[in-house]
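For reference, the structure discussed in these notes is given below.
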Number of protein chains: 2
Amino acid sequence: MSTGIDLAVSTVIFALRPGDAGRLVLSIPLVRRTRDPFEGRWSLPGGAADATESLAATAARKLAETTGLAPAYLEQLYCFGAPDRSPSGRVVSVVYWALVRADEAELAAEGENVRWFAADELPQLAFDHNLIVDYALWRLRTKLEYAAIAHAFLGPTFTLAELRQVHEIVLQRALDPANFRRQIESSRSVVPTGEHVTGGRHRPPRLYRYDGSVQLVDNGPLTSVAVR
Amino acid sequence: MSTGIDLAVSTVIFALRPGDAGRLVLSIPLVRRTRDPFEGRWSLPGGAADATESLAATAARKLAETTGLAPAYLEQLYCFGAPDRSPSGRVVSVVYWALVRADEAELAAEGENVRWFAADELPQLAFDHNLIVDYALWRLRTKLEYAAIAHAFLGPTFTLAELRQVHEIVLQRALDPANFRRQIESSRSVVPTGEHVTGGRHRPPRLYRYDGSVQLVDNGPLTSVAVR
DNA sequence: TCAAAAGTGTTGGATATACACCCATGT
DNA sequence: ACATGGGTGTATATCCAACACTTTTGA
């Protein structure tokens with residue numbers, strides 16, 4: 001049987017990258033379309049679904065092919081299938097969202113047709129991709145408040161101040177350091193490494209690492225997504 | 001372009017139906033497969049995606065064609081696309097979950113190949129449909145705790161005791177009537193009609209109706225799903 | 001000694017839970 | 001009158017946000 005519907009896989013990729021004043025900015029890599037429809041417009045990285053791969057594997061592969069990135073977190077966002085979302089025919093897109101570490105994002109191949117944009121300053125994108133990014137942003141902000149995913153933006157070890165900064169940038173508001181510490185500690189999502197960071201003009205903070213032994217992302221009966 | 005992938009739409013339908021001791025039971029209608037693969041096994045209602053319809057419209061139509069039901073609530077659950085989920089070739093299924101009213105469920109066409117099952121007593125289903133139902137159950141129970149969707153199981157007007165019973169059956173635990181009342185009242189999701197139900201051997205309870213003017217299901221930037 | 005950020009302690013307000021108690025009806 | 005569930009009041013526990021305060025380093 002053939003349904004006459006094209007199946008595509010796309011991904012909204014989030015990373016924290018240095019911006020104007022040296023501050024980190026929540027950013028998204030986009031690719032420029034080189035053919036109709038929407039030739040010249042920026043769009044989410046993706047492509048046709050592969051008949052032999054899992055959908056998540058296709059998302060990760062397309063992500064790597066276009067940007068050179070490997071995600072620390074990858075989760076399905078939504079399946080978009082409005083009949084009129086592509087002028088060239090019916091396309092159903094399974095969209096994923098991903099988090100990549102800051103050091104990883106530095107290495108991302110940027111060029112004529114691949115560029116990073118601040119998540120809240122996007123141009124008009126191809127297809128319904130502006131709506132998709134808005135939804136992914138909403139999901140990221142919502143999920144950050146109840147699931148331990150912020151560490152996916154950081155390296156294997158980090159201070160609580162760094163973790164708090166991730167939350168502050170994504171949620172766009174200041175957080176009380178004392179209450180943030182208690183919140184994270186009670187979630188048992190991180191464990192102290194015993195080491196400290198020296199060199200700052202202040203008391204050396206403890207280093208923590210993500211504790212993979214506890215289930216931090218509750219997706220119910222679905223097998224947990226890739227987190228490293 | 002052709003991906004060699006079949007796109008299907010299926011739906012997990014929930015309703016509260018009278019069970020053994022006259023008590024309401026959370027139930028799901030299933031259809032018996034009449035051909036390979038999994039001939040004879042029970043499965044979720046659904047079928048091939050339609051090239052001209054929206055995915056939600058296809059879900060609602062297939063739902064009506066097989067069971068005669070119209071959903072009071074319909075929302076996308078997940079897109080299942082593991083390469084080995086169908087032995088007959090690659091099938092990607094966009095799965096929706098739906099709530100139907102009790103009076104509506106009474107009228108459902110039941111027959112040799114369509115039957116209702118208690119949600120927690122399902123046989124071994126075709127494909128990965130057991131996993132899908134487990135996930136839908138998890139989503140229903142999770143969402144019931146923070147979104148006003150329980151009224152979709154009831155008629156246009158209802159008492160708070162009826163609404164509480166819906167919560168108790170779905171969540172499988174008793175709820176304090178006093179605290180439940182306050183919780184619902186503070187959510188502003190229902191308004192009293194001014195009428196009362198007489199005939200019981202007790203104080204006549206007020207009737208309420210769902211207040212559609214407030215946004216009760218927060219799906220972020222996505223257009224809200226059908227609720228009636 | 002001072003500035004700066006790490007980290008701890010404390011308090012008041014809001015919210016949730018348990019449960020006592022009154023209300024209104026049919027029998 | 002009384003049984004039954006509707007509906008209200010209230011005390012307690014728990015959680016959360018605000019903020020004062022102590023600690024430890026580099027300069």
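Computed over heavy atoms, backbone and side chain alike; hydrogens, waters and symmetry mates excluded. Because the structure is a prediction, the values reported are computed rather than measured. Note on naming: letters A, B, ... go to the chains in the order of the sequence lines (proteins, then strands), and numbering restarts at 1 for each one.
- If you measure from atom CZ of A:Arg181 to atom P of D:dA20, you get 19 Å, rounded to the nearest angstrom.
- Straight-line distance from the CD1 atom of A:Ile184 to the P atom of C:dT8: 15 Å, rounded to whole Å.
- As rounded to whole Å, 14 Å separates atom P of D:dA17 from atom NE2 of A:His167.
- No more than 12 heavy atoms of other residues, nucleotides or ligands lie within 6.0 Å of CD in A:Glu195, so this atom counts as exposed by the packing criterion.
- Between the CG atom of B:Asp176 and the C1' atom of D:dG6 there is a distance of 13 Å, given to the nearest Å.
- Between A:Phe180 atom CZ and C:dA6 atom C1' there is a gap of 14 Å when expressed in whole angstrom units.
- Aromatic ring centroids of A:His151 and A:Phe158 lie 6.0 Å or more apart.
- Taking 4.5 Å as the limit, some side-chain heavy atom of A:Phe14 sits within range of a side-chain heavy atom of A:Ile28.
- B:Gln165 has its CD atom 10 Å from the P atom of D:dG6, to the nearest Å.
- The CG-P distance, from A:Asn179 to D:dA20, rounds to 13 Å in whole Å.
- Comparing A:Thr198 and A:Ala178 by the nucleotide of DNA chain D that holds the closest heavy atom to each, the one mapping nearer the 5' end is A:Ala178.
- Here the two rings, on B:Tyr135 and B:Tyr78, have centers that are under 6.0 Å apart.
- Rounded to whole Å, atom C1' of C:dT15 lies 16 Å from atom CD of B:Glu185.
- B:Arg32 and B:Ser43 share no donor-acceptor pair across their side chains, judged by distance under 3.5 Å alone.
- In the region residues 200-209 of chain A, proximity to DNA chain D at under 4.0 angstrom, judged on heavy atoms, holds for A:Gly200, A:Arg201, A:His202, A:Arg203, A:Pro204.
- Here the options are A:Asn130, A:Asp134, A:Val133, A:Ile132, the test is side-chain contact (heavy atoms from CB on, under 4.5 Å), and the partner is B:Pro221; only A:Asp134 passes.
- On a pure distance criterion of 3.5 Å, a polar donor-acceptor pair joins the side chain of A:Arg182 and the base of C:dG9.
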